[in-house]
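Both counts, for ligands and for their atoms, begin at 1 and track the order of listing.
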Amino acid sequence: MLNEKNNGEIMYKLIKKLFPICRSITGNGTRKTLEIISKEVSIQTFEIPSNTRVFDWTIPNEWNITDAYIKNKNGIKIIDFKNSNLHVLNYSSPIKKTLTLKELKPHIFTDPEHPDVTPYRTSYYHENWGFCMPHNDFLNLKDEMYEVLIDSTLKKGSLSYGEFFVKGKSSEEIIFSCYICHPSMCNDSLSGIALVTQLATYIKNLKNQTNYSYRFLFIPETIGSITWLSLNRKNLKKIKHGLILTCVGDSGNFTYKKTRKENAEIDQTVIDVLKDSTIKHKIIDFFPTGSDERQFCSPGINLEVGCFTRSIFGEFPEYHTSADNLDFIKPKFLNDSFEILKKVIQKLENNHGKSTAKPQSKPKKFSNNTEKVYLNLSPYCEPQLGKRMIYHNTGGFMKDILDKAKFSDQQINDEALLWILSYSDGFHSINDISNMSKINLEILKNAANILEEKKLLKLI
Ligand code: ZN
């Protein structure tokens, strides 16, 4: 019992160490993060140079930042990066300028729905600079001159990631993946890092006696998983099961998002463990937005990788804001998550070589051949839609992920593009995709036309 409690405490301690670091998809923040993780488990780190082509994407220039602020006309800092790294639009290009309020306003990001907190926003692939602040503070800005500084660099460098591998009796692998790119937020991102680290320690201590081999990934979200999948393409066959772990430290009920195949052994296993636990939980079908399961389950990769969370991303008000802090998570909740995952591992180990799970090889909803069926021509991970100017450029907005009624038109369009790409595998008609996604057929048709025009899709 004491030991069990300790696992939660150990994870919380690691999160506390990682919390202040300003991370992004590249840069010294991720290196420092990997260095701290490597004190817990001896991960191997990799540096992949900027401009390396990874499937449809290119690794961007490396971003680093040392300082940022906005000073009012009296020289008082009204926003200071040193108080919270969320105050800077992540990946901001450097700037030093004096501006009017009118000139400054388009560069300030707020969340009017949660007016007292600072939102987390990113602009990785569209060069921009900006600040994030509570909406209420924004409304109080006076019409005066402001001195703006962002002391950042965007230069050739590399993308960093870490990996920890434990060999088992067979070469068949189970992977656990987390993302290391979020700055100071605890539940989203850091809790996943802590849980993957703790599971790595647990597996390491089993001293190669497991049936499966285990791989633990510490990668930047999206570009990191695309990079890893692209570099390890030849070995993907070995991966039998996997989970993306994030948002595992809050008090919310457990949520399991199934693999794209559904009814895979990992799906059955997690569902059985949650049922046996008698703890409240929610099981949701795969959808093509979310975390790195988007890439692991893209139609050309299609691995049996689900996503395990407590409150799922986008579903808690603290999500992607400064309120996702050290008070929002608790060692006990981290520990409960660890215990569930340990049971998942034990069950997979016991079932090794005896699974009767039958993942869908064909879709359940394929209708009739009078409907339009498309084929995704870029099925290995998501194609980079931002560079084709058909996708939003400022990231971090994903709110109310399961409640489409609250989506803006832009979000619906982005969603439609991803649904079409994910299920245009030759088996699903556009009507099937409309039924699954609950997105209006006309919006999907429009998205399909755009993708066809960009040569990412063809009618079959
Ligand atoms: Zn996030």
Is the NZ or CZ atom of K82 both under 6.0 Å from the centre of the six-membered ring of Y69 and within 45° of that ring's axis? no
The Zn ion (ligand 1) to H182: nearest N/O/S atom name: NE2
What is the name of the N/O/S atom of H320 that is nearest to the Zn ion (ligand 1)? NE2
Name of the D188 N, O or S atom nearest the Zn ion (ligand 1)? OD2
In plain terms, say whether R53 and D56 are close enough for a salt bridge, that is, a side-chain N and a carboxylate O under 4.0 Å apart. yes
Using the salt bridge (charged side-chain N to carboxylate O under 4.0 Å, His left out) rule, pick out the option among K261, K258, R260 that qualifies with D285. K258
Should the pair K240-E265 be classified as a salt bridge under the 4.0 Å nitrogen-to-oxygen rule? no
